[in-house]
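The first residue of the sequence shown is numbered 1, and numbering continues consecutively from there.
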Amino acid sequence: MFYVRAPLIEPKPGDLIEIFRPFYRHWAIYVGDGYVVHLAPPSEVAGAGAASVMSALTDKAIVKKELLYDVAGSDKYQVNNKHDDKYSPLPCSKIIQRAEELVGQEVLYKLTSENCEHFVNELRYGVARSDQVRDVIIAASVAGMGLAAMSLIGVMFSRNKRQKQ
């Protein structure tokens with residue numbers, strides 16, 4: 001279920017919002033009345049869209065409370081509480097309270113261990129995790145194994161060719 005701009009069904013407070021940026025997914029937590037709390041690089045403006053990929057180049061982020069409409073910009077978004085079957089969400093009041101207390105704070109940001117997806121999962125479930133990071137690591141591992149296998153086959157082919165000469 002994708003939303004562009006105004007969703008057909010309003011997200012509920014405490015919901016995870018997945019925003020589909022061109023090369024990655026940005027995550028926020030819905031806190032009610034059209035607002036989300038999310039991580040943004042100190043220089044990012046609301047609705048920066050693809051420009052927020054620059055967040056990968058900084059080690060700090062600001063916790064911001066902004067209108068979902070502004071944060072998503074022209075990008076599609078959806079409610080995605082994808083870990084509800086694995087982890088019990090914290091009480092909604094606790095999620096909102098924790099999110100609101102962090103607004104305005106500068107926090108450590110690391111693409112691989114403390115990104116926007118880690119942030120919202122920590123708020124909702126008390127577990128910091130990022131499937132995007134896991135998926136990239138798995139893909140890189142598979143690609144690396146494929147390259148290693150191709151290299152090994154090349155070495156064996158070359159050795160076999162030399163032996164025949």
Side-chain angles (χ1 to χ4, degrees), residues 1-140:
M1 164 167 60
F2 287 97
Y3 303 119
V4 178
R5 297 285 191 178
L8 298 174
I9 300 170
E10 185 73 12
K12 296 185 300 289
D15 279 344
L16 299 182
I17 305 297
E18 181 180 23
I19 302 167
F20 295 84
R21 301 289 196 227
F23 301 107
Y24 69 101
R25 307 295 184 251
H26 182 59
W27 290 84
I29 194 142
Y30 189 77
V31 294
D33 296 324
Y35 284 89
V36 294
V37 171
H38 69 115
L39 292 184
S43 62
E44 182 173 303
V45 295
S52 65
V53 77
M54 295 304 291
S55 64
L57 305 176
T58 183
D59 62 350
K60 299 280 186 209
I62 300 290
V63 180
K64 292 187 176 183
K65 180 179 179 180
E66 298 175 297
L67 287 169
L68 173 56
Y69 180 86
D70 291 336
V71 175
S74 62
D75 295 327
K76 294 179 181 178
Y77 65 94
Q78 70 179 1
V79 171
N80 189 351
N81 299 321
K82 62 184 175 179
H83 298 300
D84 281 7
D85 59 338
K86 187 170 190 164
Y87 306 111
S88 294
L90 297 170
C92 181
S93 60
K94 177 97 171 156
I95 295 169
I96 304 307
Q97 177 188 359
R98 292 173 68 208
E100 296 276 0
E101 287 172 353
L102 292 170
V103 171
Q105 291 187 30
E106 185 175 80
V107 296
L108 190 60
Y109 181 91
K110 291 183 185 173
L111 191 59
T112 57
S113 61
E114 296 174 72
N115 67 33
C116 59
E117 189 176 3
H118 291 101
F119 175 75
V120 297
N121 280 312
E122 173 70 31
L123 287 171
R124 182 169 176 84
Y125 305 110
V127 177
R129 71 176 281 172
S130 173
D131 293 342
Q132 285 183 105
V133 169
R134 183 204 64 212
D135 293 347
V136 167
I137 289 170
I138 289 170

Do K60 and E114 meet the salt-bridge criterion of a basic N to acidic O distance under 4.0 Å? no
Any carboxylate oxygen within less than 4.0 angstrom of a Lys/Arg side-chain nitrogen, looking at K82 and D84? no
Any side-chain heavy atom of H38 within less than 4.5 Å of one from W27? no
Which heavy atom of P13 sits nearest a heavy atom of C92, and at what distance? O-SG, 3.3 Å
Check: L16 main-chain N/O paired with N80 side-chain donor or acceptor under 3.5 Å: no
Closest heavy-atom pair and its distance - V120, A28: CG1-C, 3.5 Å
Name the residue from V37, L123, I62, L39 that meets the side-chain contact (heavy atoms from CB on, under 4.5 Å) definition with L102. L123
Do I17 and I29 come close enough that some side-chain heavy atom pair is under 4.5 Å? no
Check this for me: Y35, atom OH, are more than 12 non-hydrogen atoms of other residues, nucleotides or ligands nearer than 6.0 Å? no
In terms of heavy-atom contacts, T112 and H118 come closest through O-CE1, 3.5 Å
Would D59 and K110 satisfy side-chain contact (heavy atoms from CB on, under 4.5 Å), going step by step from the backbone distance to the final call? CA-CA 6 Å; D59 62 350; K110 291 183 185 173; 5.9 Å; no
Under 3.5 Å, side chain of R21 to main-chain N/O of H26, donor-acceptor pair present? no
Which atom names give the shortest non-hydrogen contact between P42 and A61, and what distance separates them? CD-CA, 4.3 Å
Do the side chains of F119 and V63 get nearer than 4.5 Å, heavy atoms only? yes
Quick one: does R25's side chain have a donor or acceptor within less than 3.5 Å of a partner on E117's backbone? no
Without swapping roles, check the side chain of D70 against the backbone of L67 for a donor-acceptor pair under 3.5 Å. no
Rounded distance (nearest 0.5 Å) linking atom CD of E18 with atom CG of D75: 11.5 Å
Any donor and acceptor pair, going by atom type alone, linking the side chain of R124 with main-chain N or O of G14 inside 3.5 Å? yes
Might you work through the salt bridge (charged side-chain N to carboxylate O under 4.0 Å, His left out) test for E122 and R129, ending with a clear yes or no? CA-CA 7 Å; E122 173 70 31; R129 71 176 281 172; over 6 Å; no
Euclidean distance, K94 NZ relative to Q97 CD, rounded to 0.5 Å: 6.0 Å
Any I19 side-chain heavy atom under 4.5 Å of K76 side chain: no
Heavy atoms of A72 and Y77 approach each other most closely as CB-CD2, 3.7 Å
Any idea which heavy atoms bring Y30 and P11 closest together, and the distance? CE2-O, 3.2 Å
Would you say that V103 contacts K64 through its side chain, given a criterion of any heavy-atom pair below 4.5 Å between the two side chains? no
Tell me, do P41 and Y109 make a side-chain contact under 4.5 Å, heavy atoms counted? no
Out of curiosity, D131 CG to N121 CG, how far, rounded to the nearest 0.5 Å? 7.0 Å
Check: Y69 side chain, G73 main-chain N or O, donor-acceptor pair, under 3.5 Å: no
